[in-house]
Every structure is written in C-alpha cells, then in structure tokens.
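We name chains A, B, ... by the order of the sequence lines, and we start the count at 1 in each one. The structure displayed is predicted, hence computed values, not measured ones.
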Number of protein chains: 2
Amino acid sequence: MASTVIDLASVRSICQQCGIYNLCMPIGLERGDIDQLDEIIKRRRPIAKGEHLYRAGEDFSSIYALRSGSVKTYLNHVSGVEHVIGFKLPGDLLGLSGISGSHYTNSAIALETSSVCEIPFTQLEDLCQEIHGLQHHIMEIMSREIQEDHEKIAVCHKLPAEARLASILLTLSDRFHHRGYSATEFNLSMSRSDIANMLGLAVETISRLFTHFEEEGLLTADRKHIKLLDIKRLSEIVQTA
Amino acid sequence: MASTVIDLASVRSICQQCGIYNLCMPIGLERGDIDQLDEIIKRRRPIAKGEHLYRAGEDFSSIYALRSGSVKTYLNHVSGVEHVIGFKLPGDLLGLSGISGSHYTNSAIALETSSVCEIPFTQLEDLCQEIHGLQHHIMEIMSREIQEDHEKIAVCHKLPAEARLASILLTLSDRFHHRGYSATEFNLSMSRSDIANMLGLAVETISRLFTHFEEEGLLTADRKHIKLLDIKRLSEIVQTA
DNA sequence: CACCCGAGATGATCTGGATCAAAGCAGGTA
DNA sequence: TACCTGCTTTGATCCAGATCATCTCGGGTG
C-alpha cells in the first residue's frame, strides 16, 4: 500500500465525522466548539467481547460514549448474583451513575467487539461552562436515562412474562430504527439468559416465549437473528397486559 | 396579635435558614450565591394530601425540592394501571425526568400535607453557568437518582417478596436517618397498596409479610407506625436472597 | 473429522405469590 | 352514637413461571 498522505484538516474534528455524533451530542455546536470537545475526548482501542469497560467500585473519572458494538450494564448483588440493568447501543452514554460517588456503581461489559470514546468528566464539566448548550445537553441525556429507568421499573413490576419480552423487543426495535437500522430485523448481541435476567425471568421462560411467539407468527428467531413480523400485535400484548 | 415587625435581612436567604437546605443544595455557596438561588425559587403554598404536584404529560418548566411531607411518583400504564416508581422525602428533588422531553414523564402526588420549593429550570440552568459548583451539584443529584433507580430495578427483578419488603424498609430507615430522624422508628405515609405496587407484589402479600416479620420479632407495625427491632436480620434477608 | 462445550429448547413437576372471598378495624360524618 | 367507607388482615385456592432434568444444536479445536 502507498503511504497515506494525512490531511491535517480531516484529522481534526473526528467527532464531526463520527457516524453517531448526532446521537451522543445532538446539538448545534459551532466548528470551534466541536474541536474543543474533540480535544478532551480520548479514543480507546476496541474492546473485545467479554472485556469490561469498567467495574462497579472502580474510581470514576470518565463517562463513555459507545461508538460501535454493544455493552451490557449490570449490578452485582451481595450474594454474587448478577442483575442486568440494560443494554447500550452506539450513541449511548455509559457511566453516568458514577458521577455522584466518585466510583462507578455498575459494571459494563462488551457483548461484542465494541469501541468507545472516553470523555474525562471533569474536563467535560469545564467545557459545559464554556460551550453554550452543552450543559443542557448533558442534563437532557441524564434526564432521559432516568426516564428510561423508570419505564424499566414499571415493566418489571407487574407485566406478565409475555408482555415483558414483547416490550424489550419493541424497545430494541425502536432503538435500532432510531440509529438508522431496520426496525424489524436485527441481531441480538446478548444471550437469552441476559435477556431473562434483565426481565427478571428464567431462561427457560424466554426460550419458550420465543417459540410461542414464532408459533403465533409474531416473529421469527433463528439463534440471535430476529425478524419482527407483527409489531402491531406485539404492542397490543404490552398494552393489554 | 400584634403586627409582626419584618426584619428584611431575615426574609432574605430563606434557603439558608431552611432545615433541609443542606440536603437539596449541599454545596458551599457564598452568601451572595445563595441569595441568587433564593431569588429564582418560588415558594408554593402547602400541597394537600392527594393533590398532584404535577402530572405526566404536563409541560415541564420547573423541578421541585420537597421541603416537608412526602410525595409518591408514578407512571400510568396504557391500560390505566398505576405503577409506583418511588417515594420522595424532604430534600429530594422531583421532576428531573422531564428535562429531556419538555413534559413531565411521571406524576407526583402528595401522600400527606407537603410543601415544595419550585425551581424554574431554565433559570436554574443559567445560574449553573454563573455559580461554580452548582452545575456539578445538579449533575450529582441526577446521577444519584440514576443509581437509585438501578437499585430498584435490581430489587424488583429477582428478589423474593420477603427481601423486597425488607429492602424498602431498610432504604426508608436509611433515608430517615440521613435526615436526622430515627432510623428505627418512623411513620409510613404511604398505604400498604402503594408499597405493594412499588415492589411489584400484591397488597395481601405485604400484609402477610408484615405479620410474619412481627412474629419473627423483626419489627412492630401498628398501622402506619413502624419500629424496626432487628435491622441486622433484616439486612441478612436482603443479602441472602 | 470427530470431539467437546456452552447456549438453547423442551418436557415434567413444584411453588411463591396472585387471586378470590370475607371479615376486622379505624377514622370520618351525620 | 351509630353508621359508613376505605384500608388492612386473614384464609382458601389457583396458576404463571421457577426449577429440575434432558436433549439438541452449532461453532470452535486438536
């Protein structure tokens, strides 16, 4: 291969060229502002499947923006049991719950090869004082996380198993769609038992439900590959529950 | 009654005299800064039991700091069923999940006569740009809310009924203690069915568990009045679950 | 290619907590 | 004072989903 000629201008503002930039920082930043943001962000080497991004208890100093891949966050109960909190997709921010105590309060593990941007939090905070709108943006993101968590609490409180699975599938569908992927056809990077754990159900129940949903013509599930065939009926399951 | 002579200096900085000031704004603000904060805060008339502070879907413009009393937050499922998200005590901030969408995403109803400080959010944001530390403080509060929500998700996922009730009682105990009240003796402002809903259980189960806990000598429960007799054993129930 | 191993599916059985049904109780009110 | 009315407790029964036990399958490995 011929040696690459590096165009300095194009090296700048990696953020601006990032496909998911509009997801993690969807604000009208001026060119100069983006450069400032760019400067504090550290790009990390790819994270292999099964590798931890951070673990509960470790010192908090940065939040992470997921660029590609997917990550599972979980809490460790005293008994050693793992409680899955959620699945993060490109554009999502990780580690926000660590701000208050100076330690990460959950653990994040890659479900597949993933890449992240590390954002040193103190520097980000300083930048928030300079760049108009950035402060608001971060608060919005945190607000949305709170909102999503509330919905999770509601789902796992009272909904029957069927509705819980339908609900998580529809949520994922939405999130993929929002990222420009198909809303009806996608690959699950998480295992059945991660899904079960996240929903407070047994793996066997999830397995049976997938079979059941297939029989009903609601979807096809070949290993990790999911096709949603009847989104309308799936939402009805969630709503009438 | 004799007409009251108003001392102007004492009217200023109500925040500083507020008993829970250190809970909602536990930062070293200078006298002038507190005055600024004071100026944007609107004191509301007391909210009667059963009255809504805000409802899901209403326009978001302010967050609220609970000064006294207690408030229940909940989501309305499409089916009309109510999902209790949490109980707020003096010093807690309400409405944070509304920041992102410009609408409140949950509803807040007073469980007893309560009072709140209304904080117009846009003004608060502006102040965050002026007062060093305020921005960080708000982010810390939001971070803590995320963290608490994660714990709620974990609790209602897998823990058996016993552990869930023990867990909420211990959490309340902690929170009362943190506010300077007894950790072992307190009044529940919420009904049994609110507790049940919040924990994803049936009222009958809660009722039976209280009886069971009393028989075991873990606590006494006379109507709303609770005395925790054996906190150590209660935590064991949570941990060994 | 044969082997292995962990994820997933399926079947049989068990059980924690829901649901249904009633009765007890406290606080408000006429 | 007696009577509601809504909360709480208690008891009897039922069932959704857990648990236990196999079995299958696909993907990696020597």
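Among the nucleotides C:dG8, C:dA26, C:dA18, the one closest to the side chain of A:R223 is C:dG8.
The distance between atom CD1 of B:I226 and atom P of D:dT8, rounded to the nearest whole Å, is 10 Å. Between the C1' atom of D:dA16 and the CZ atom of A:R164 lies a distance of 11 Å, rounded to the nearest Å. In this structure, A:K49 places its NZ atom 10 Å from C1' of C:dA7, rounding to the nearest Å. For the pair B:E215 CD and D:dT10 C1', the interatomic distance rounds to 11 Å; values are reported in whole Å. We find that CZ of B:F210 is positioned 12 Å from P of D:dT10, with the value rounded to whole Å. Distance, B:L201 CG to D:dT8 P: 15 Å, rounded to whole Å. Regarding B:D222, its CG atom lies at a distance of 10 Å from the P atom of D:dT9, rounded to whole Å. At whole-Å resolution of the value, CG in B:L209 and C1' in D:dT10 are 14 Å apart.
Put simply, the side chain of A:R208 and the base of C:dG8 share no donor and acceptor less than 3.5 Å apart.
Across all strands shown, B:I206 has no heavy atoms under 4.0 Å from either base or sugar-phosphate atoms. Within the nucleic acid shown, B:S207 comes within 4.0 Å of at least one base atom, counting heavy atoms only.
Summary of the strand contacts: A:K158 and A:M190 both lie near DNA chain C, and taking for each the nucleotide with the nearest heavy atom, the more 5' one is attributed to A:M190. When the nearest nucleotides of DNA chain D are assigned to A:E204 and A:E162 by heavy-atom distance, the more 5′-ward of the two goes with A:E162.
Look at A:T211 and you'll find a side-chain N or O under 4.0 angstrom from OP1 or OP2 of C:dT10. At C:dG8, one or more side-chain N or O atoms of A:K224 fall inside 4.0 Å of OP1 or OP2 (strictly under the cut-off). Here A:S193 does not reach the OP1 or OP2 of C:dA7: none of its side-chain N or O atoms lies under 4.0 Å away. Contact annotation: B:R192 reaches the phosphate of D:dT9 (side-chain N/O to OP1 or OP2, under 4.0 Å).
Counting heavy atoms from C-beta outward, A:L219 and A:K227 have side chains that stay 4.5 Å or more apart.
Ring to ring, B:F121 and B:F60 are close: their centroids are under 6.0 angstrom apart.
In this structure, a donor-acceptor pair under 3.5 Å is absent between the side chains of B:Y74 and B:N197. A donor atom on one side chain and an acceptor atom on the other are found under 3.5 Å apart for B:Y64 and B:R44.
For A:R179 and A:D92, the salt-bridge test passes: some basic side-chain N is under 4.0 Å from an acidic carboxylate O.
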